[in-house]
Amino acid sequence: MEILRNIKELKNKIGLNKNSIGLIPTMGALHKGHLSLLENARKENEILVASLFVNPKQFGPNEDFEEYPRDFKKDLSFFSDSKVDYLFLPDDSEIYPDGFSTYVNNNLEGRNFEGEFRNNHFDGVLTVVAKLINIINPKRIYFGEKDAQQLFLVKKMISDLNFNVLLRSVKTVRESNGLACSSRNSYLSSNETNDAANIYKSLCVVSDSWKNGEENFSVLKEKFITNLEHIKNIKIQYVETVDPDTFNTVERGRKAILIVAVLLGDIRLIDNIILD
Ligand code: PAF
């Protein structure tokens with residue numbers, strides 16, 4: 001695996017390559033979810049490029065940019081064990097040089113749910129993903145289903161702005177207790193990890209009820225809330241059912257994603273379950 005820190009160097013290596021390139025954008029602190037993205041990408045691309053960049057522009061002023069977990073040594077061995085060919089490891093000024101002022105904004109679907117609780121978060125995500133696509137020119141780009149709204153918005157950006165890349169979504173990977181793998185899980189104490197496992201349990205209760213014929217999403221959302229009521233430390237930020245094709249809220253039917261965000265103490269966790 002070759003590590004490349006600047007855009008020119010990277011472009012020189014892969015710029016003229018006509019073989020298929022798969023790109024896995026990451027912010028490091030790799031976990032089993034990332035490994036699954038890398039594994040999927042390795043299977044169908046000749047060249048595998050991963051990026052590791054903790055993108056300051058997707059963190060709000062009161063968020064955890066400084067504390068965001070960073071374990072470079074471990075990440076490096078994960079990337080290399082996953083047979084990544086090139087790791088793009090830019091610093092902030094490589095991506096956002098002095099005078100940088102152009103952003104990708106989605107002022108519709110990007111302002112709800114996560115966008116409501118994390119001001120400008122998706123402007124930062126979409127801007128960096130657009131830059132990475134333009135720099136690396138991959139044939140395929142990989143995202144996890146856990147960040148359902150991010151996945152939707154990247155898909156929308158690719159379509160709205162005619163980016164020439166295929167988006168691949170990969171199933172959420174879970175710990176043995178059901179908790180969705182996330183870099184932020186490392187903030188949780190073992191008691192909090194046990195509490196957090198109830199998020200997925202409650203999603204499964206909802207899914208079972210939906211499979212048994214319950215089509216009223218208000219009833220399902222209420223079920224999710226009731227199932228978490230006994231966990232003192234949990235505060236629900238939102239529970240919503242959205243149409244996977246539009247990310248508009250839907251009230252009933254046979255196709256939706258139930259998306260949730262909860263605070264466990266001051267640790268924010270998101271998850272979802274597909275009702276289809
Ligand atoms: O999902 C993430 O880790 C980040 O939002 C991404 C896509 C790497 C952009 O910084």
Side-chain angles (χ1 to χ4, degrees), residues 7 10 21-38 40-41 48-60 63-72 74-76 78-79 82 84 86-96 100 103-106 109-110 113-115 117-136 138 140-158 161 163 165-173 180-187 247 259 261 268-272:
I7 296 170
L10 182 71
I21 295 174
L23 169 63
I24 297 93
T26 82
M27 298 207 299
L30 299 193
H31 50 69
K32 287 185 280 180
H34 293 110
L35 297 188
S36 169
L37 299 179
L38 290 160
N40 276 275
L48 203 54
V49 180
S51 61
L52 194 175
F53 178 62
V54 185
N55 175 27
K57 298 213 184 277
Q58 67 186 77
F59 290 79
E63 291 187 351
D64 56 346
F65 175 65
E66 296 298 339
E67 298 82 41
Y68 194 79
R70 290 166 174 89
D71 191 342
F72 182 58
K74 190 170 139 213
D75 288 346
L76 220 55
F78 276 176
F79 283 128
S82 304
V84 166
Y86 300 107
L87 175 63
F88 182 39
L89 189 66
D91 64 17
D92 290 6
S93 65
E94 189 66 14
I95 298 293
Y96 303 118
F100 181 89
Y103 291 82
V104 180
N105 300 325
N106 179 319
E109 299 95 344
F113 317 122
E114 283 303 285
F117 287 90
R118 304 190 65 189
N119 234 346
N120 303 326
H121 166 65
F122 289 123
D123 301 346
V125 172
L126 295 178
T127 301
V128 83
V129 171
K131 286 192 63 121
L132 290 169
I133 292 174
N134 285 334
I135 293 166
I136 293 158
R140 303 180 186 88
I141 187 165
Y142 295 79
F143 287 88
E145 285 179 359
K146 195 206 122 216
D147 296 301
Q149 194 175 4
Q150 169 172 280
L151 177 64
F152 172 84
L153 290 169
V154 172
K155 205 182 286 175
K156 194 81 198 330
M157 175 182 77
I158 289 172
L161 300 183
F163 279 81
V165 64
L166 297 169
L167 184 139
R168 293 279 200 253
S169 58
V170 176
K171 290 228 160 313
T172 303
V173 179
C181 292
S182 159
S183 304
R184 290 189 169 96
N185 290 354
S186 65
Y187 298 148
F247 240 75
I259 53 169
R268 196 165 179 281
L269 300 169
I270 61 171
D271 204 345
N272 66 77

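Throughout, residue positions are numbered sequentially from 1 according to the sequence presented. Numbering of ligands and ligand atoms starts at 1, following listing order.
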For atom 10 (O) of ligand 1, which of K57, Q58, H121 has the closest heavy atom? Q58
Below 4.0 angstrom from a heavy atom of P25, which ligand 1 atoms are there? Numbered from 1 as shown, please. 8 (C)
Which label fits Y96 and F53: parallel for a plane angle under 30°, tilted from 30 to 60°, or perpendicular past 60°? tilted
min-distance protein heavy atom vs atom 1 (O) of ligand 1 -> Q150 NE2, 2.9 Å
The single option from R184, R70, R118 passing salt bridge (charged side-chain N to carboxylate O under 4.0 Å, His left out) against D64: R184
Show the numbers, then the answer: is there a side-chain contact (heavy atoms from CB on, under 4.5 Å) between K131 and I95? CA-CA 8 Å; K131 286 192 63 121; I95 298 293; 4.0 Å; yes
Could you tell me which atoms of ligand 1, counted from 1 in the order shown, lie closer than 4.0 angstrom to a heavy atom of F143? 7 (C)
With a 3.5 Å cut-off and no angle check, do the side chains of Y103 and N120 form a donor-acceptor pair? no
Hey, is E114 close enough to R268 for a salt bridge, meaning N to O under 4.0 Å? yes
Among all the protein's non-hydrogen atoms, which is closest to atom 3 (O) of ligand 1, and how far away is it? M27 CG, 3.8 Å
Distance under 4.0 Å to a non-hydrogen atom of T26: what atoms of ligand 1 satisfy this? 8 (C)
Stepwise side-chain contact (heavy atoms from CB on, under 4.5 Å) check, F122 with N106: CA-CA 8 Å; F122 289 123; N106 179 319; over 6 Å; no
Only heavy atoms of V128, strictly under 4.0 Å: list the atoms of ligand 1 that pass. 9 (C), 10 (O)
